[in-house]
Every structure is written in C-alpha cells, then in structure tokens.
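The block underneath contains the structure these notes are about, expressed in structure tokens.
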Amino acid sequence: MLRYIAGRLLAAIPILVIVAVFIFSLVHLTSGDPAVLLAGDNARPEQVEKIRERLHLDEPLPVQFAIWAGNALRLDLGDSIYSNQPVTRLIAQRIEPTFVLALVTLIFTVAIAVPLGVIAAWRANGIVDRAIMAFAVIGFSVPVFVIGYLLVYLFAVRLKWFPVQGYQPLSDGILGTLHSVALPSVALALVFAALIARVTRAAMLEVLGENYIRTARAKGLGTFRTLVVHGLKSAGVPVVTVIGIGFATLIGGVVVTESVFNIPGIGRLTVDAITRRDYPVVQGVILFFSATLIIVNLIVDLSYALFDPRVRG
C-alpha cells in the first residue's frame with residue numbers, strides 16, 4: 001500500500017512541472033513585448049521598464065522561470081498589476097465562495113447522479129431507465145449558463161424563493177450561505193450529474209451481470225443490499241474516476257456560474273483578471289486550479305485501493 005501511495009505521489013511531480021512551464025509561458029505566448037502588453041497602450045516608457053524589472057522580463061527565459069518557480073514554491077505568486085495586492089491574498093479572499101459552491105455542487109451531484117445511475121441499471125431498458133438517460137442527455141447537452149438563467153428566471157424572478165445574485169459569507173450564517181448558493185449549485189450539479197449518472201449506469205450494468213450478484217439474488221438477499229453493498233462497491237472504481245475527471249468540468253463551470261450569479265469567487269477573479277490583462281493574477285489562478293485538479297486526481301487514484309484491493313499489490 002505504501003509503495004502504491006509513493007508511486008502515485010512521484011507520478012504527480014512531472015505533471016506539476018509541465019503545468020508550471022505552461023503557466024509560466026502564458027506571458028510569452030502573446031506576440032509583442034509582454035511588458036508593453038501588461039502596461040497598456042498609453043503607458044509611459046518608465047512604466048513599461050518598471051514592469052519589465054518587476055517581472056524579471058529583462059532576464060533570460062531559464063532565469064525567469066527559475067525565479068518564478070522558486071517564488072511559487074514559497075507561495076509567492078507576485079503582485080497584481082491592477083491592484084498591487086499579492087496574488088495569494090486575492091485568491092485567499094475569494095476562495096470561500098468558490099469552495100462552498102464546489103462542495104455543495106459535489107454533494108448535490110453525488111446525491112442525485114449515483115442513485116439515478118443505480119436505478120437506471122436496475123430497471124435497464126425500461127421506462128424509468130429511458131427517462132433517467134433522457135435527463136442525463138439533456139443535462140449534459142445544455143450549457144451551464146443557460147440552465148443558470150432559466151433557474152434564475154423561474155425560482156428567483158418569478159417565484160422569488162432565492163436571490164437573483166450575490167453570496168452570503170459563512171460568517172453571516174450557514175443557512176444564509178446555502179440559500180445564496182442553492183441556484184448556482186443546482187445549475188452546476190445538473191451538468192455534472194448527467195455524466196456521472198451515465199457512467200454509474202454503465203458500470204452497474206456490467207457488475208449486475210456477474211455470477212456473484214446472481215448468487216446473492218438466488219440466496220434471497222434484498223435488492224438494496226444487492227445493489228448498494230455488493231454492486232455499487234464493485235462499480236466504485238469507474239464511478240470515482242469519472243467524479244475526479246468531471247471535477248475539471250466543475251472547475252470550468254464555476255468560472256461561468258460565478259459570473260452569471262455575481263458570486264465573488266475565484267472564477268469571477270479569473271474573468272476580471274483576463275479582462276484587465278492582469279497576467280500575474282491569471283497565472284496564479286490557473287496554478288491554483290491546476291494544483292487543485294492534480295490533488296483531486298491524486299486522491300481519486302489513492303481511493304482505488306478502497307474499492308479494489310488488487311491495486312495495493
């Protein structure tokens with residue numbers, strides 16, 4: 001088991017290096033002088049030179065990367081060109097809304113998608129199965145911002161059950177926070193759940209055809225224990241895998257959803273930074289999202305040992 005964990009940890013290091021090189025290269029991928037692009041068209045020469053010195057753009061590329069990577073390892077992602085605040089502070093100020101939105105969405109998604117996928121497999125080729133798969137196709141096909149606007153119109157504008165926009169911090173009460181993120185979480189969960197439900201159904205169909213499931217049924221084991229205790233546990237590896245992979249979709253959806261619902265999270269910070277050409281913030285946010293995805297996928301890899309003991313060997 002320890003060897004498996006060590007192998008997974010070592011495998012994540014090259015990925016982090018590749019991601020770091022790509023993020024560092026963002027400033028240099030655009031045509032023209034990066035310092036002029038960052039300073040703007042109306043900047044004075046001394047302002048351009050100040051930015052060049054501040055970002056070490058007057059150094060050779062390997063030296064620039066070494067300085068940037070060394071600072072990143074110390075959690076120093078530089079300062080925002082727009083606000084002159086440290087990028088880490090800006091991310092820390094915005095992390096709560098994004099974390100709450102992602103966590104509530106993930107809970108909604110698993111609570112909706114996994115039962116639907118199990119039921120669809122149990123009632124395969126029936127009316128219930130077709131209805132659930134139709135929901136999955138629609139949920140995965142409709143863009144998240146369209147679902148968001150529909151939910152706002154119906155539940156916020158017409159019924160006035162939820163706020164149209166905004167976010168209530170946890171310090172003001174957890175119930176108010178959940179109330180403020182309910183609509184954006186549901187909008188994201190419907191897209192995310194569609195993918196997980198389909199994969200859960202496919203995995204369960206394969207498991208339900210195994211001999212040990214037939215034996216369990218023949219012995220009179222209840223439907224719930226057959227499906228959940230024996231079937232779902234065996235189908236856990238592909239389901240957990242798609243949850244980890246789908247987290248990338250969730251991260252991308254957060255950027256759009258926070259803009260639609262005016263939530264002051266990291267997604268909104270990303271959009272503002274791109275609009276202002278604030279490259280240090282863009283680099284910092286992409287690095288944060290990338291590190292989050294790598295950590296989530298690492299956790300998914302390690303969780304395989306819980307569902308399939310063979311991977312521990």
Side-chain angles (χ1 to χ4, degrees), residues 8-95 98 102 244-256 258-259 265-298 301:
R8 295 294 90 195
L9 291 173
L10 291 175
I13 295 177
I15 300 175
L16 280 172
V17 173
I18 294 173
V19 169
V21 171
F22 171 76
I23 294 173
F24 167 77
S25 303
L26 286 176
V27 176
H28 303 277
L29 290 177
T30 55
S31 59
D33 187 348
V36 175
L37 294 174
L38 294 173
D41 298 331
N42 299 322
R44 298 189 299 273
E46 55 269 21
Q47 292 176 316
V48 175
E49 189 61 30
K50 185 177 180 180
I51 290 177
R52 183 176 286 109
E53 294 177 359
R54 179 174 161 188
L55 298 181
H56 305 283
L57 296 176
D58 51 348
E59 301 283 353
L61 279 178
V63 176
Q64 292 182 39
F65 176 75
I67 295 174
W68 180 84
N71 292 336
L73 288 175
R74 297 194 301 269
L75 299 182
D76 180 7
L77 302 178
D79 297 332
S80 166
I81 295 176
Y82 180 79
S83 64
N84 288 322
Q85 295 188 52
V87 175
T88 50
R89 181 186 301 172
L90 293 175
I91 294 176
Q93 291 172 348
R94 304 291 190 100
I95 197 171
T98 299
I245 295 174
F247 197 80
T249 305
L250 177 60
I251 291 295
V254 163
V255 175
V256 178
E258 287 183 356
S259 299
I266 298 178
R268 184 69 182 275
L269 176 65
T270 305
V271 175
D272 293 341
I274 292 174
T275 303
R276 297 165 179 166
R277 294 188 295 188
D278 198 342
Y279 281 91
V281 177
V282 174
Q283 287 179 316
V285 169
I286 295 177
L287 183 62
F288 171 80
F289 281 144
S290 300
T292 302
L293 290 175
I294 291 172
I295 292 172
V296 168
N297 286 323
L298 180 61
D301 286 345

query = Taking all non-hydrogen atoms of both residues, which atom of Val285 and which atom of Ile266 are closest, and how far apart?
reply = CG1-CG2, 3.7 Å

ask   = Which atom pair, heavy atoms only, marks the closest approach of Gly284 to Val87?
value = CA-CG1, 4.0 Å

key: Approximate separation, where rounding is to 0.5 Å, of Phe24 CZ and Trp68 CH2   = 8.0 Å

remark   = In this structure, OH of Tyr279 is separated from CD1 of Ile286 (nearest 0.5 Å) by 10.0 Å

key: Shortest non-hydrogen contact from Gln283 toward Ile23   = NE2-O, 3.1 Å

Under 3.5 Å, which donor-acceptor pairs link side chains of residues 71-80 to any protein atom two or more places apart or in another chain?
| unit_1 | atom_1 | unit_2 | atom_2 | d |
| --- | --- | --- | --- | --- |
| Asn71 | OD1 | Arg74 | NH2 | 2.4 |
| Asn71 | ND2 | Ile67 | O | 3.2 |
| Asp76 | OD1 | Gly78 | N | 3.1 |
| Ser80 | OG | Tyr82 | N | 3.2 |
| Ser80 | OG | Ser83 | N | 3.1 |
| Ser80 | OG | Ser83 | OG | 3.3 |
| Ser80 | OG | Asp278 | OD2 | 2.4 |

query = CD1 of Ile91 to OG1 of Thr98: how many Å apart, nearest 0.5 Å?
reply = 10.0 Å

Results of side-chain hydrogen bond (donor to acceptor under 3.5 Å, both in side chains) for Arg94 - residues two or more places apart only = none

query = What distance do Ser290 atom OG and Ile15 atom CD1 have between them, rounded to the nearest 0.5 Å?
reply = 11.0 Å

message = Before you tell me yes or no, could you show the steps for Val282 and Thr270 under side-chain contact (heavy atoms from CB on, under 4.5 Å), namely the whole-Å CA-CA distance, both residues' side-chain angles and the distance that decides it to 0.1 Å?
response = CA-CA 6 Å; Val282 174; Thr270 305; 5.8 Å; no

